[in-house]
> 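Sharing a structure with you now.
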Amino acid sequence: KILIVGELGVGKSTLCMKIMERIRDKFSIGGVICPEVIVNGQRGSDAIDLLTNERKIMMRKRDIADFDGILVGVECMVNPEGLELSKKAINRAVSDKNCNLIVIDHIGLLEKEGKGILNETIDAINSGRNVLVIVRDNAIDSFLKKFPGQEFEIFEVKKKNRNEILDEVLDLLERKN
């Protein structure tokens, strides 16, 4: 169970995509990744099911969101369709017995409130398979409290250590496979 932790915009999802690129031939990867997208000069994200490649809008800044969504904080709007895709992607990965790495991007404010993809993430962690979870730094403490007694390999991403973390996570996954 690997946690990639860091602040907004530090490169957690990008790091995760690099990890997946490097291990794709050794692992069957499922779950959800939410890469950054720039829309009208503003940061947002899309949700991508890693088994089906289905893609939906996940988050946009409130002032440019063209959907009715869930307000997170004061300026971010989460698209219910992107959230539903994320839930289904995680459940699909947990159900697929060939999937030996479940990626979950990301645990943040919604999950801190007990919403979002928290229940699906709990199922993935309890599945006994390799799980790589991206967690916002402002949600890590509440996330860990959901798993008393569970052991996680935690990597805190900063701009200056991304390459070292890439190598460390790859080494760890190689040993687990």
Side-chain angles (χ1 to χ4, degrees), residues 2-24 29-93 101-121 124 131-143 154-170:
I2 300 169
L3 304 182
I4 305 288
V5 181
E7 62 187 28
L8 179 66
V10 76
K12 299 177 300 294
S13 297
T14 302
L15 174 65
C16 187
M17 289 188 291
K18 287 180 181 179
I19 290 166
M20 290 188 303
E21 245 174 57
R22 299 268 295 272
I23 62 167
R24 198 166 288 284
I29 305 169
V32 64
I33 188 83
C34 296
E36 179 180 80
V37 295
I38 304 296
V39 179
N40 296 338
Q42 296 190 47
R43 296 167 55 170
S45 63
D46 286 353
I48 303 171
D49 182 323
L50 294 170
L51 289 174
T52 68
N53 286 318
E54 183 181 358
R55 183 179 194 130
K56 297 271 185 190
I57 293 170
M58 183 64 177
M59 187 277 296
R60 296 291 186 266
K61 296 290 184 175
R62 183 167 93 176
D63 58 336
I64 63 165
D66 60 355
F67 52 85
D68 290 327
I70 305 160
L71 185 61
V72 178
V74 293
E75 61 180 26
C76 294
M77 191 69 71
V78 172
N79 183 2
E81 290 181 13
L83 187 58
E84 191 60 29
L85 179 135
S86 297
K87 291 177 177 185
K88 286 181 180 176
I90 296 165
N91 287 335
R92 184 177 291 111
L101 177 62
I102 302 170
V103 172
I104 300 170
D105 181 12
H106 73 260
I107 301 298
L109 293 177
L110 273 181
E111 292 74 23
K112 190 174 179 179
E113 297 171 0
K115 302 175 186 171
I117 57 173
L118 181 62
N119 291 332
E120 292 76 14
T121 301
V131 181
L132 191 156
V133 184
I134 297 174
V135 185
R136 281 281 310 277
D137 59 347
N138 61 1
I140 186 63
D141 292 337
S142 63
F143 180 77
I154 301 173
F155 297 88
E156 187 174 355
V157 180
K158 307 235 183 242
K159 290 191 183 201
K160 63 183 178 213
N161 72 353
R162 289 182 293 203
N163 291 332
E164 296 90 35
I165 288 178
L166 173 63
D167 292 336
E168 289 176 39
V169 172
L170 289 170

> Restricting to ring pair (Phe, Tyr, Trp, His ring centres under 6.0 Å), what partner residues turn up for Phe155, sequence neighbours left out?
none
> Do you know the tightest heavy-atom contact between Ile90 and Ala124?
CG2-CB, 4.1 Å
> Looking at every non-hydrogen atom in both residues, tell me the closest pair between Gly116 and Lys87 and how far apart they are.
O-CE, 3.1 Å
> Heavy-atom distance under 4.5 Å between the side chains of Lys115 and Glu111, does that happen here?
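Heavy-atom side-chain distance check fails, nothing below 4.5 Å.
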> side-chain contact (heavy atoms from CB on, under 4.5 Å) with Val37: which residues, sequence neighbours excluded?
Val39, Asp46, Arg55, Arg60
> My understanding is that only residues two or more places apart in sequence, or in another chain, count here; which of them pass side-chain contact (heavy atoms from CB on, under 4.5 Å) with Leu170?
Ile19, Arg22, Ile23, Leu166
> If the condition is salt bridge (charged side-chain N to carboxylate O under 4.0 Å, His left out), which residues does Glu7 pass it with, not counting sequence neighbours?
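Salt bridge (charged side-chain N to carboxylate O under 4.0 Å, His left out) check on Glu7 returns nothing, list empty.
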> In the structure I gave you, are the side-chain heavy atoms of Leu132 and Ile102 within less than 4.5 Å of one another anywhere?
no
> Tell me, please, which residues at least two apart from Glu54 pass side-chain hydrogen bond (donor to acceptor under 3.5 Å, both in side chains).
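side-chain hydrogen bond (donor to acceptor under 3.5 Å, both in side chains) list for Glu54, sorted by chain: empty.
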> Could you go through residues 133-142 and list every donor-acceptor pair under 3.5 Å that involves a side-chain atom there, pairing it with any protein atom two or more places apart or in another chain?
from	atom 1	to	atom 2	distance (Å)
Ser142	OG	Ala139	O	3.1

> Mind listing the closest non-hydrogen atom pair of Arg162 and Gly11 along with its distance?
NH1-CA, 4.1 Å
> What I'd like to find out is whether the side chain of Val103 reaches to under 4.5 Å of the side chain of Cys16, using heavy atoms alone.
yes
> Kindly write out the residues that satisfy side-chain hydrogen bond (donor to acceptor under 3.5 Å, both in side chains) with Asn91, not counting sequence neighbours, or none if the list is empty.
none
> Run the side-chain donor-acceptor check on residues 67-79: report pairs under 3.5 Å with partners two or more places apart or on a different chain.
from	atom 1	to	atom 2	distance (Å)
Glu75	OE2	Lys61	NZ	2.7
Asn79	OD1	Glu81	N	3.1
Asn79	ND2	Ile57	O	3.0

> Would you please name every residue forming a side-chain contact (heavy atoms from CB on, under 4.5 Å) with Ala47, sequence neighbours left out?
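If we apply the side-chain contact (heavy atoms from CB on, under 4.5 Å) test to Ala47, skipping adjacent residues, the hits are Val32, Cys34, Met58, Leu85, Ser86.
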> For Lys88, does the NZ atom have more than 12 heavy-atom neighbours from other residues, nucleotides or ligands under 6.0 Å away?
no
> Taking salt bridge (charged side-chain N to carboxylate O under 4.0 Å, His left out) as the test, write out the residues that go with Arg92, two or more places apart.
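Residues passing salt bridge (charged side-chain N to carboxylate O under 4.0 Å, His left out) with Arg92: Asp49.
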> Sort and list the pairs that fulfil salt bridge (Lys or Arg N to Asp or Glu O under 4.0 Å) and have at least one residue in residues 31-44, not counting sequence neighbours.
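Of all non-adjacent pairs touching residues 31-44, those that pass salt bridge (Lys or Arg N to Asp or Glu O under 4.0 Å) are Glu36-Arg43.
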> What is the distance from atom CD1 of Ile165 to atom NZ of Lys160, rounded to the nearest 0.5 Å?
11.0 Å
> Would you please test Lys12 and Asp105 for side-chain contact (heavy atoms from CB on, under 4.5 Å) and show each step?
CA-CA 9 Å; Lys12 299 177 300 294; Asp105 181 12; over 6 Å; no
> How long is the span from the CD atom in Glu84 to the CD1 atom in Ile117, to the nearest 0.5 Å?
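Atom-to-atom, Glu84:CD and Ile117:CD1 are 12.0 Å apart.
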> Measuring from atom OG1 of Thr121 to atom CD1 of Ile107, what distance do you get when rounded to the nearest 0.5 angstrom?
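The distance works out to 3.5 Å.
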> Tell me every residue that passes side-chain hydrogen bond (donor to acceptor under 3.5 Å, both in side chains) with Glu156, counting only those two or more places apart in sequence or in another chain.
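Residues passing side-chain hydrogen bond (donor to acceptor under 3.5 Å, both in side chains) with Glu156: Lys158.
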> Closest approach of Met20 and Leu50, non-hydrogen atoms and distance?
SD-CD1, 3.6 Å
> Any heavy-atom pair between the side chains of Val169 and Ile4 that's under 4.5 Å?
yes
> State, to 0.1 Å, how close Gly30 and Leu51 come at their nearest heavy-atom pair, and which atoms those are.
CA-CG, 3.7 Å
